[in-house]
Undergrad: 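Before anything else, here's the structure in question.
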Amino acid sequence: MSLEVNKHVQRIRRYQPFDVDTSEMIYEQADRTQSLFRVVTLDYLLSAIEVPTMKTIVLTGDAGHGKTSLCASLLTELWVDGETIPSDVRKRAVFHELAEAGDANRPLGRTRSGRPLYILRDLSELDPQAGAHKLVELLDPPDEGVAIICANEGQLRKCVAEDDNLDNGGTGRAKVLVRTLTDGIARGQVSNPDGTVIVINLNYQSVAAEGRNGGFVPWVLRQWTTSQWSRWKPCETCDAQDVCPILANRNELNDAAHGPQRRAAIRDLFAAAERTGAVVTTRQALAVTSYMLTGGLSCENVHTKYQWSRSNMLWQAPHLYHQALFGDRLPPQQRHRVPAFFALRKLDPGKVSRRQVDDRLDPDAVGRFPPGDPKSYLQKTRTIRDAQKQAEQLRGLYTFLRRADFFNSIDNKDRFARMGLQAGDDFVSVQNKNGDPADTTVRDRFLKGLEAAQGIHRAGSNPDFLVLDPAFFAHRARAAVISRRVSSKGVEVVDQVAQWQKEGRTSDTPGMRNAVEWLNRSIYIRIPAVDSDQAAVSVEVDLLRFELLTRWAAGLRSEVQHEAEIRGLSGSLAELADSSNKDDEIQVLVGNVMRKLMIDVGDKIRSVRA
């Protein structure tokens, strides 16, 4: 036997932007032999380009969502002789075509109905003026063709603004693209009314979707750890296999008995990160998953450690997948290159102490690769420095154990709580259409949290919701004027899809729901407006904000720490204030006691308890 270098590990490492060997981060440099995840957006595009009225499709979103990859997959699907040409040959041909004609100056292919297909690979390659001209040109492609434009949102808006400048030669036609994008954010629709333009906002794309594809992250893990191919064969003849954390990670994630639950836990962690408001692109997901699986190591790194000490089992622990996932060993500047690490670290189960979890953890059963000497924390301390060192060791040990137990646990019912999110299950339950409509727990807690954001802390469960006069939002004194009382009966809590349907006043599924790998990331509370003919006032919250509201409802006081959140929520609630009330009766909240101020004859003000 000898020390072997696994080329599959080398390929996986190329997705990490921390090394000069990085080459898989963008499609144009990717390995053509690697299979691509078939996102639902591809099928949506294949259907959309066949619509007779369709002229222009825009793929927008942050860099790294896979816009170029989508275009390449689309061209590969449309390849006329696709059945007889090997896939790697097709991919190389598509790559060449995109590189040569990705400026949409000539068609790159044809739809199945025979229409020419033009693709603008990246709008950012053009300055705003040239980009504006190109957008106008592609709103009506030559020969009744279809155009696909890849653009990040900022560049798209710049080019549209340039075209909107009529004094500088603009036409004003390109504004339909931004209008359609805005409608997508407000109502989830992806096409304009006459069906000639589609704008798909890939920032709604999820790497941990719950759809039929099973989610991008679990798919990547299966692809990289599977034993169906010979990718891991070199490791079986490597002298360092018994001390290699990379192989240990692969074996744990591919284990027939426990591998699926571990991969599901990783997917749940990514889903929770997206629900906290983080946009995790495909590129970021690949970087994090690559770093997690390899532990940030290469085969050469493992060989060096092995040659230094062949029986040492104390250096591997930080490189195990359940530790590397949180990027502890990465310096801050490297984490900034992959923002998903910051979102995941906020949900680190190793930092959450729960009695029912910690009591069952056994420091003596840390596995084959322990985090240092597991019994070192039992040594006697003589100085303050010894005590601090012992406390640090114990904290590191329990962080390691909590993380490992999180991914090994068969019970997935308390995963949100283990991430420090007590309200996570309630957040997800909002999208359960089969739930009991009489269960008002989430609604009542939501309303109580919004009252607490205004500085109102009433005991018990109340049948109404109080809205303070906006003048008292920022400066709560002992007494505050109540602008309006809203019956809880007319309030409802809905998910993102239901919110779009209600805003669009339709029962049809919004186009965005079917155009991307979907995950509900926000919930809304809809409160009736002052005038019955006006639309309800909606307050949007992500998972973190909902957690904060839930804790405020339970009695947490944190006005100073979360001042920005309170201002944002108060601004939304200001729309509910009733400024038309001309009654001679004013409701005032004194402490937590409701009182009425009534104007009597002679302009006397009388106070009575409500």
Undergrad: What are the two closest heavy atoms between L450 and L549, and how far apart are they?
TA: N-CD2, 3.9 Å
Undergrad: Salt bridge or not for R526 and E503, using N-O below 4.0 Å?
TA: yes
Undergrad: Flag the pair N201 / M512 as yes when at least one side-chain heavy-atom distance between them is below 4.5 Å, and no otherwise.
TA: yes
Undergrad: Does any N or O in the side chain of R368 come within less than 3.5 Å of the main-chain N or O of D242, such that one atom is a donor and the other an acceptor?
TA: yes
Undergrad: I want to check something: taking the side chain as every heavy atom from C-beta on, are E153 and L181 in contact at a cut-off of under 4.5 Å?
TA: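 In contact.
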Undergrad: Using a strict cut-off of less than 4.0 Å between a Lys/Arg side-chain nitrogen and an Asp/Glu carboxylate oxygen, indicate whether R545 and E540 qualify as a salt bridge.
TA: no
Undergrad: Under 3.5 Å, is there a donor-acceptor pair linking the side chains of Q10 and S298?
TA: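 Looking only at side-chain atoms, S298 and Q10 do not form any donor-acceptor pair under 3.5 Å.
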Undergrad: Would you say E492 and Y524 are linked by a side-chain donor-acceptor pair, where the criterion is simply a distance under 3.5 Å?
TA: no
Undergrad: Which residues pass the side-chain hydrogen bond (donor to acceptor under 3.5 Å, both in side chains) test with T294, not counting sequence neighbours?
TA: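 With neighbours one apart ignored, the set is Q16.
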Undergrad: Quick one: does K67's side chain get under 4.5 Å of L202's, heavy atoms only?
TA: yes
Undergrad: Are E210 and R267 ion-paired here, with the side-chain N under 4.0 Å from a carboxylate O?
TA: yes
Undergrad: Residues two or more places apart in sequence or in another chain: which of them pass ring pair (Phe, Tyr, Trp, His ring centres under 6.0 Å) with F407?
TA: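 Partners of F407 under the ring pair (Phe, Tyr, Trp, His ring centres under 6.0 Å) test: Y321.
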Undergrad: Supply the atom-to-atom distance S522 OG to F546 CZ, rounded to the nearest 0.5 angstrom.
TA: 12.5 Å
Undergrad: Counting only N and O atoms by type, is there a donor-acceptor contact under 3.5 Å from the side chain of Q316 to the main-chain atoms of N312?
TA: yes
Undergrad: Excluding sequence neighbours, so at least two apart, what forms side-chain hydrogen bond (donor to acceptor under 3.5 Å, both in side chains) with N254?
TA: none
Undergrad: Decide yes or no for V280 and V288: does some side-chain heavy atom of the first lie under 4.5 Å from some side-chain heavy atom of the second?
TA: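 V280 vs V288: side chains apart.
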Undergrad: Testing V516, L519, V190 one by one against Y204 for a side chain to side chain contact (heavy atoms under 4.5 Å, CB included), which residue passes?
TA: V516
Undergrad: Take S206 and E274 through the side-chain hydrogen bond (donor to acceptor under 3.5 Å, both in side chains) test and state the conclusion after the steps.
TA: CA-CA 8 Å; S206 171; E274 290 184 322; 2.5 Å; yes
Undergrad: Using the ring of each side chain (for Trp, its six-membered ring), is H322 parallel, tilted or perpendicular to F400, with breaks at 30° and 60°?
TA: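 Aromatic pair H322/F400 classed perpendicular.
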Undergrad: What residues, two or more places apart in sequence or in another chain, satisfy side chain to side chain contact (heavy atoms under 4.5 Å, CB included) together with C299?
TA: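 Partners of C299 under the side chain to side chain contact (heavy atoms under 4.5 Å, CB included) test: V5, N6, V9, H303.
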Undergrad: Any carboxylate oxygen within less than 4.0 angstrom of a Lys/Arg side-chain nitrogen, looking at D328 and R345?
TA: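 Looking at R345 together with D328, the answer is yes, because their closest N to O distance falls below 4.0 Å.
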Undergrad: Is any NZ, NE, NH1 or NH2 atom of the basic residue among R402 and D358 found under 4.0 Å from an Asp or Glu carboxylate oxygen of the other?
TA: yes
Undergrad: Measure the acute angle between the ring planes of F216 and F37, then classify it against the limits of 30° and 60° as parallel, tilted or perpendicular.
TA: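 Aromatic pair F216/F37 classed perpendicular.
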Undergrad: Go through it in stages, so that I can follow the logic: the residues are W552 and S558, the test is side-chain hydrogen bond (donor to acceptor under 3.5 Å, both in side chains), and I'd like the CA-CA distance, side-chain angles, deciding distance and then a yes or no.
TA: CA-CA 8 Å; W552 280 342; S558 57; 2.7 Å; yes
Undergrad: Looking at CZ of R13 and CZ of F18, how far apart are the two atoms once the value is rounded to the nearest 0.5 Å?
TA: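 One gets 10.5 Å once the value is rounded to the nearest 0.5 Å.
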Undergrad: Charged N to carboxylate O below 4.0 Å: is that the case for D405 and R360?
TA: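 Salt bridge flag = yes for R360 with D405.
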Undergrad: Is the shortest distance from a Lys or Arg side-chain nitrogen in D542 or R275 to a carboxylate oxygen in the other one below 4.0 Å?
TA: no
Undergrad: When the ring centroid of F342 is compared with that of H336, is the distance short of 6.0 Å?
TA: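 Centroid separation for F342 and H336: below 6.0 Å.
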Undergrad: To the nearest 0.5 Å, what is the distance between CG on L573 and CG on L466?
TA: 11.5 Å
Undergrad: Please determine whether side chain to side chain contact (heavy atoms under 4.5 Å, CB included) holds for the pair T509 and N514, giving the CA-CA distance in whole Å, both sets of side-chain angles, and the decisive distance to 0.1 Å.
TA: CA-CA 8 Å; T509 301; N514 298 322; 3.9 Å; yes
Undergrad: For E451 and K448, run salt bridge (charged side-chain N to carboxylate O under 4.0 Å, His left out): C-alpha distance rounded to whole Å, both residues' side-chain angles, the deciding distance at 0.1 Å, then the answer.
TA: CA-CA 5 Å; E451 283 191 344; K448 198 165 185 177; over 6 Å; no
Undergrad: Restricting to salt bridge (Lys or Arg N to Asp or Glu O under 4.0 Å), what partner residues turn up for R443, sequence neighbours left out?
TA: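 Listed in chain order: nothing, the list is empty.
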Undergrad: What distance separates L253 CG from R263 CZ, expressed to the nearest 0.5 Å?
TA: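 Taking CG in L253 and CZ in R263, the distance rounds to 7.5 Å.
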Undergrad: Kindly check if the number of other-residue, nucleotide or ligand heavy atoms within 6.0 Å of CZ (R329) is above 12?
TA: no
Undergrad: Could you pull out all residues at least two apart from R395 that satisfy side chain to side chain contact (heavy atoms under 4.5 Å, CB included)?
TA: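 E392, T399.
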Undergrad: Can you confirm whether Q454 sits close enough to V467 that some side-chain heavy atom of one is under 4.5 Å from a side-chain heavy atom of the other?
TA: yes
Undergrad: Does any donor atom in the side chain of Q501 or T506 lie under 3.5 Å from an acceptor atom in the other side chain?
TA: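 No donor-acceptor contact under 3.5 Å links the two side chains.
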Undergrad: Would you say R250's side chain and T225's backbone share a donor-acceptor pair under 3.5 angstrom?
TA: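 Side chain of R250 to backbone of T225, a donor-acceptor pair under 3.5 Å: yes, one is there.
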Undergrad: Establish, from distance only, whether the side-chain atoms of H65 and N203 form a donor-acceptor pair under 3.5 Å.
TA: yes
Undergrad: In terms of side-chain geometry, is the basic nitrogen of R458 or D464 positioned less than 4.0 Å from the acidic oxygen of its partner?
TA: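 Salt bridge flag = yes for D464 with R458.
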Undergrad: Any side-chain heavy-atom pair from L344 and F270 closer than 4.5 angstrom?
TA: yes
Undergrad: Charged N to carboxylate O under 4.0 angstrom, E565 versus R551?
TA: no
Undergrad: To the nearest 0.5 Å, tell me how far T41 OG1 sits from L59 CG.
TA: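 If I round to the nearest 0.5 Å, the distance is 8.0 Å.
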Undergrad: Q356 versus D359: any side-chain heavy-atom pair under 4.5 Å?
TA: no
Undergrad: Got a second to check how far L297's CG is from N249's CG, nearest 0.5 Å?
TA: 9.0 Å
Undergrad: Measure up the Y291 and F341 rings against each other and bin them: parallel (under 30°), tilted (30 to 60°), perpendicular (over 60°).
TA: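 Taking F341 first and then Y291, their aromatic rings stand perpendicular (interplane angle over 60°).
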Undergrad: Mind checking whether L221 and T289 have side chains closer than 4.5 Å, heavy atoms only?
TA: yes
Undergrad: Fit a plane to each ring of H8 and W232, take the angle between them on a 0 to 90° scale, and name the class: parallel (under 30°), tilted (30 to 60°) or perpendicular (over 60°).
TA: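 Aromatic pair H8/W232 classed perpendicular.
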Undergrad: Do NZ/NE/NH1/NH2 and the carboxylate oxygens of D425 and K413 come within less than 4.0 Å?
TA: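 Answer for the salt bridge query: no.
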